[in-house]
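The next block holds one structure in the form of structure tokens; read it before the comments.
A quick note: this is a predicted structure, and the numbers were derived from the prediction, not measured. Values reported hereafter were calculated over all heavy atoms of this structure, with side chains retained and with hydrogens, waters and symmetry mates removed.
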Amino acid sequence: QAQLVESGGGSVQPGGSLRLSCVASGRTFSSYVMGWFRQVPGKEREFVAAIRRRGGNTAYADSVKGRFTVSLDIAKTTSHLQMNSLQSDDTAVYFCALSSNQVILSAMSLGRMYDYWGQGTQVTVSS
């Protein structure tokens with residue numbers, strides 16, 4: 001089993017920045033994808049970004065392209081999500097997830113491809 005722990009959430013004013021981190025532990029993976037999703041109460045979980053260990057391929061939701069950047073520290077099995085120019089619509093609980101499967105680029109946005117999930121961290125964007 002793997003455990004994922006997110007950190008870095010908080011409150012920020014519109015236009016501000018936050019950096020989320022997700023540390024994976026408990027297992028080693030030779031190939032994996034780490035993804036970020038978010039959810040607002042009463043709404044479905046939404047894909048945000050993902051990165052693949054092999055090749056470093058990334059994928060982003062259209063709503064965050066140009067504002068968010070996902071990265072991967074392979075040595076530490078840690079993913080970071082740098083969020084800039086935050087807007088009120090970005091307010092949500094952010095979850096990281098890890099897939100140990102061979103995930104093609106076009107499927108990296110699908111929650112069902114991920115085996116492990118963190119407990120989430122709250123991000124609130126408000127003036």
Side-chain angles (χ1 to χ4, degrees):
Q1 289 292 330
Q3 294 79 41
L4 304 181
V5 178
E6 304 99 335
S7 62
S11 296
V12 65
Q13 292 186 341
S17 298
L18 282 174
R19 187 185 192 222
L20 305 183
S21 297
C22 174
V23 180
S25 62
R27 274 192 60 183
T28 57
F29 302 91
S30 59
S31 178
Y32 57 86
V33 174
M34 291 190 78
W36 290 90
F37 295 78
R38 64 188 182 187
Q39 190 168 24
V40 175
K43 293 188 177 182
E44 291 187 357
R45 183 179 58 201
E46 176 187 30
F47 169 73
V48 176
I51 185 166
R52 188 158 56 191
R53 182 192 185 281
R54 288 188 176 178
N57 305 92
T58 58
Y60 294 93
D62 288 342
S63 59
V64 306
K65 281 181 181 177
R67 301 189 298 122
F68 291 11
T69 302
V70 63
S71 61
L72 183 63
D73 183 334
I74 295 174
K76 297 180 180 179
T77 319
T78 298
S79 177
H80 301 288
L81 184 66
Q82 178 67 42
M83 305 186 296
N84 298 328
S85 302
L86 282 162
Q87 306 164 357
S88 57
D89 288 348
D90 296 317
T91 296
V93 177
Y94 283 71
F95 299 89
C96 72
L98 186 148
S99 172
S100 58
N101 304 307
Q102 296 292 331
V103 183
I104 60 175
L105 188 61
S106 61
M108 288 166 63
S109 63
L110 302 177
R112 66 176 184 268
M113 301 304 296
Y114 294 84
D115 308 299
Y116 305 99
W117 293 82
Q119 292 189 332
T121 184
Q122 176 70 46
V123 171
T124 302
V125 184
S126 174
S127 56

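In this structure, Val93 is not a member of the same hydrophobic cluster as Val70, with clusters built from ILVMFWY side-chain heavy atoms closer than 4.5 Å. Hydrophobic clustering of Ile, Leu, Val, Met, Phe, Trp and Tyr side chains at less than 4.5 Å, counting indirect connections, unites Trp117 with Met108. By the rule that hydrophobic residues join a cluster once side-chain heavy atoms approach within less than 4.5 Å of another member, Leu98 and Phe47 end up as members of separate clusters. In the hydrophobic clustering of this structure, Leu81 does not group with Val33; members are Ile, Leu, Val, Met, Phe, Trp, Tyr whose side-chain heavy atoms approach within less than 4.5 Å, directly or through other members. Cluster annotation: Val64 and Val125 are assigned to the same hydrophobic cluster (Ile/Leu/Val/Met/Phe/Trp/Tyr, side-chain heavy-atom contacts under 4.5 Å, transitive).
A donor-acceptor distance shorter than 3.5 angstrom exists from the side chain of Asn101 to the backbone of Met113, with no hydrogens or angles considered. Looking only at distances, a side-chain donor or acceptor of Thr78 sits under 3.5 Å from a matching main-chain atom of Lys76. With hydrogens and angles disregarded, a donor-acceptor distance shorter than 3.5 Å links the side chain of Asp73 to the backbone of Ala75. With hydrogens and angles ignored, the 3.5 Å screen pairs no side-chain donor or acceptor of Thr58 with any backbone N or O of Ile51. Using modelled atom types, no side-chain atom of Glu6 and backbone atom of Ser21 make a donor-acceptor pair closer than 3.5 Å.
We find the CD-OG distance between Gln122 and Ser11 to be 7.5 Å, quoted to the nearest 0.5 Å. In this structure, CZ on Arg52 lies 8.5 Å from CD1 on Ile104, to the nearest 0.5 angstrom. Going from atom OG1 of Thr77 over to atom CG of Leu4 covers 10.0 Å, rounded to the nearest 0.5 Å. Going from atom CG of Leu72 over to atom CG of Asn57 covers 11.5 Å, rounded to the nearest 0.5 Å. To the nearest 0.5 Å, the span separating CG on Asp89 from OG on Ser63 amounts to 8.5 Å. How far SG of Cys96 is from CE of Met34: 5.0 Å, rounded to the nearest 0.5 Å.
Donor-acceptor pairing under 3.5 Å is recorded for the side chains of Arg27 and Tyr116.
The side chain to side chain donor-acceptor pair (under 3.5 Å) pairs that include a residue from residues 40-50 are Arg38-Glu46, where partners are two or more places apart or lie in different chains. Residue pairs meeting the ring pair (Phe, Tyr, Trp, His ring centres under 6.0 Å) criterion with at least one partner in residues 76-114, sequence neighbours excluded, are Phe37-Tyr114.
Crowding of Gln102 atom CD: a count of heavy atoms from other residues, nucleotides or ligands under 6.0 Å not exceeding 12. Atom CD of Gln119 is surrounded by 12 or fewer heavy atoms from other residues, nucleotides or ligands within 6.0 Å.
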